[in-house]
Visitor: 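I am attaching a structure below and will ask some questions about it afterwards.
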Amino acid sequence: MTFLHSEPQRTCTACRAKTDKGNLIRIVKSPEGKPVIDKTKKLPGRGVYICPDLECIELVKKSGSLSRALKAKIDYENFWSELEKFAENFALNENLKIRSILGLSRKSGALLIGSDRIESSKEKKILVMSANDCSEGVKNFLSSHENFIHITLNMNVKELSELIGSRGGVQILGLPLNSGFAKKIMSLNNTKGEKPFER
């Protein structure tokens, strides 16, 4: 399945995943030959991209792939600690954007709340987002539907319920896959969907 992207695609130097370049951290080599985090994504020079993920940072640190891609020696600890901190803030900002999109989609009436609403929807394909502590029953529900693209949100049931203004334990939300809301969330979540839970 092909999704429309709003900007050029780039590949993470660590995990080799391809996504919108806005979802990745750009690093360039300074005129002095040192790696620099391109916070504006406008610095001159060939950029190297990496996921805002501590696992990817650890991978390039151990493998030396970032040094090779930049053709620069990275032998000082400050760069790695700065990169890790930047990645953590980057990921936090992306999560805040997802929360904002979910709020907007709820106000517009596009958001499907709970398994009953998702199952009764006439949409052919649905992006289903689950809390990170959803029940076995919800996992079974997700695994039994082939028309679901699933992602796990970085929120628990309590946070998800509070976000959409519900007192009940909301474990899953859905959006029509062809909606702009769903496409934006998938882009921000840096995924094309997870495999369904095993039954």
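In this text the structure is predicted, and so the values were computed from the model without any measurement. Numbers here simply count residues along the sequence, with the first being 1.
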Visitor: If you compare all heavy atoms of Phe79 against all heavy atoms of Val36, which two are closest, and at what distance to 0.1 Å?
Guide: CE1-N, 4.4 Å
Visitor: With distance as the sole criterion, is a donor-acceptor pair present between the side chains of Ser30 and Glu32 under 3.5 Å?
Guide: yes
Visitor: Lys41 side chain to Lys21 main-chain N or O, any donor-acceptor pair under 3.5 Å?
Guide: yes
Visitor: Applying side chain to side chain contact (heavy atoms under 4.5 Å, CB included), run through Arg46 and Val28 and close with a yes or a no.
Guide: CA-CA 6 Å; Arg46 182 178 176 275; Val28 296; over 6 Å; no
Visitor: Given Ile118, which of Ile113, Ile172, Leu173 fulfils the side-chain contact (heavy atoms from CB on, under 4.5 Å) condition?
Guide: Ile172
Visitor: Let's go through Val138 and Ser115 carefully: what are the C-alpha distance in whole Å and the side-chain angles of both, what is the deciding distance for side chain to side chain contact (heavy atoms under 4.5 Å, CB included) to 0.1 Å, and is it a yes or a no?
Guide: CA-CA 8 Å; Val138 168; Ser115 55; over 6 Å; no
Visitor: Under the salt bridge (charged side-chain N to carboxylate O under 4.0 Å, His left out) rule, what pairs show up with a residue in residues 79-93, not counting sequence neighbours?
Guide: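 The answer is Lys39-Glu82.
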Visitor: Is it the case that one hydrophobic cluster holds both Ile98 and Leu104, taking links as side-chain heavy atoms less than 4.5 Å apart, direct or via other members?
Guide: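 Yes; tracing contacts between hydrophobic side chains, which count when under 4.5 Å, links both residues.
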Visitor: Tell me the closest heavy-atom pair linking Val48 and Ala69, and the distance in Å.
Guide: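 Val48 and Ala69 have their closest heavy atoms at CG2-CB, 3.8 Å.
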Visitor: Do Asn156 side-chain atoms and Ala131 backbone N/O form a donor-acceptor pair below 3.5 Å?
Guide: no
Visitor: Which pair of heavy atoms, one from Cys12 and one from Ile50, lies closest together, and at what distance?
Guide: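 Scanning both residues, the minimum pair turns out to be SG-CA, 3.8 Å.
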Visitor: Report yes or no: do Leu127 and Ile101 belong to one cluster of Ile/Leu/Val/Met/Phe/Trp/Tyr joined by side chain heavy-atom distances under 4.5 Å?
Guide: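 Per the 4.5 Å side-chain linkage, Leu127 and Ile101 are co-clustered.
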Visitor: Assess whether side chain to side chain contact (heavy atoms under 4.5 Å, CB included) is satisfied between Ile74 and Trp80, documenting all intermediate values.
Guide: CA-CA 9 Å; Ile74 307 173; Trp80 295 114; 3.5 Å; yes
Visitor: Please assess Met155 against Leu163 for the test side chain to side chain contact (heavy atoms under 4.5 Å, CB included), listing each intermediate value before the final yes or no.
Guide: CA-CA 10 Å; Met155 286 179 251; Leu163 176 68; 4.0 Å; yes
Visitor: If Ile, Leu, Val, Met, Phe, Trp and Tyr residues are connected whenever their side-chain heavy atoms lie under 4.5 Å apart, and connections chain through other members, are Leu54 and Leu66 in the same group?
Guide: yes
Visitor: What I'd like to find out is whether the side chain of Asp53 reaches to under 4.5 Å of the side chain of Phe90, using heavy atoms alone.
Guide: no
Visitor: Could you check, using the six-membered ring where one of them is a Trp, whether Phe148 and Phe141 have ring centers closer than 6.0 angstrom?
Guide: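 They qualify: ring centres under 6.0 Å apart.
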Visitor: Check the hydrophobic clustering (I, L, V, M, F, W, Y; side-chain heavy atoms under 4.5 Å; chains of links allowed) and say if Ile25 and Leu59 are grouped together.
Guide: no
Visitor: Would a 4.5 Å heavy-atom cut-off, applied to side chains only, mark Leu177 and Met186 as touching?
Guide: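 They are in contact (side-chain heavy atoms under 4.5 Å apart), so the answer is yes.
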Visitor: Between Cys51 and Cys56, what is the shortest heavy-atom contact and its length?
Guide: CB-SG, 3.8 Å
Visitor: Hey, are the side chains of Ser130 and Leu153 touching, using non-hydrogen atoms and a 4.5 Å cut-off?
Guide: no
Visitor: Answer yes or no: is there a donor N or O on one side and an acceptor on the other, between the side chain of Glu123 and the main chain of Leu175, under 3.5 Å?
Guide: no
Visitor: How far apart are the closest heavy atoms of Gly174 and Ile126, and which atoms are they?
Guide: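 Closest pair (atom of Gly174, atom of Ile126, distance): CA-CG2, 4.0 Å.
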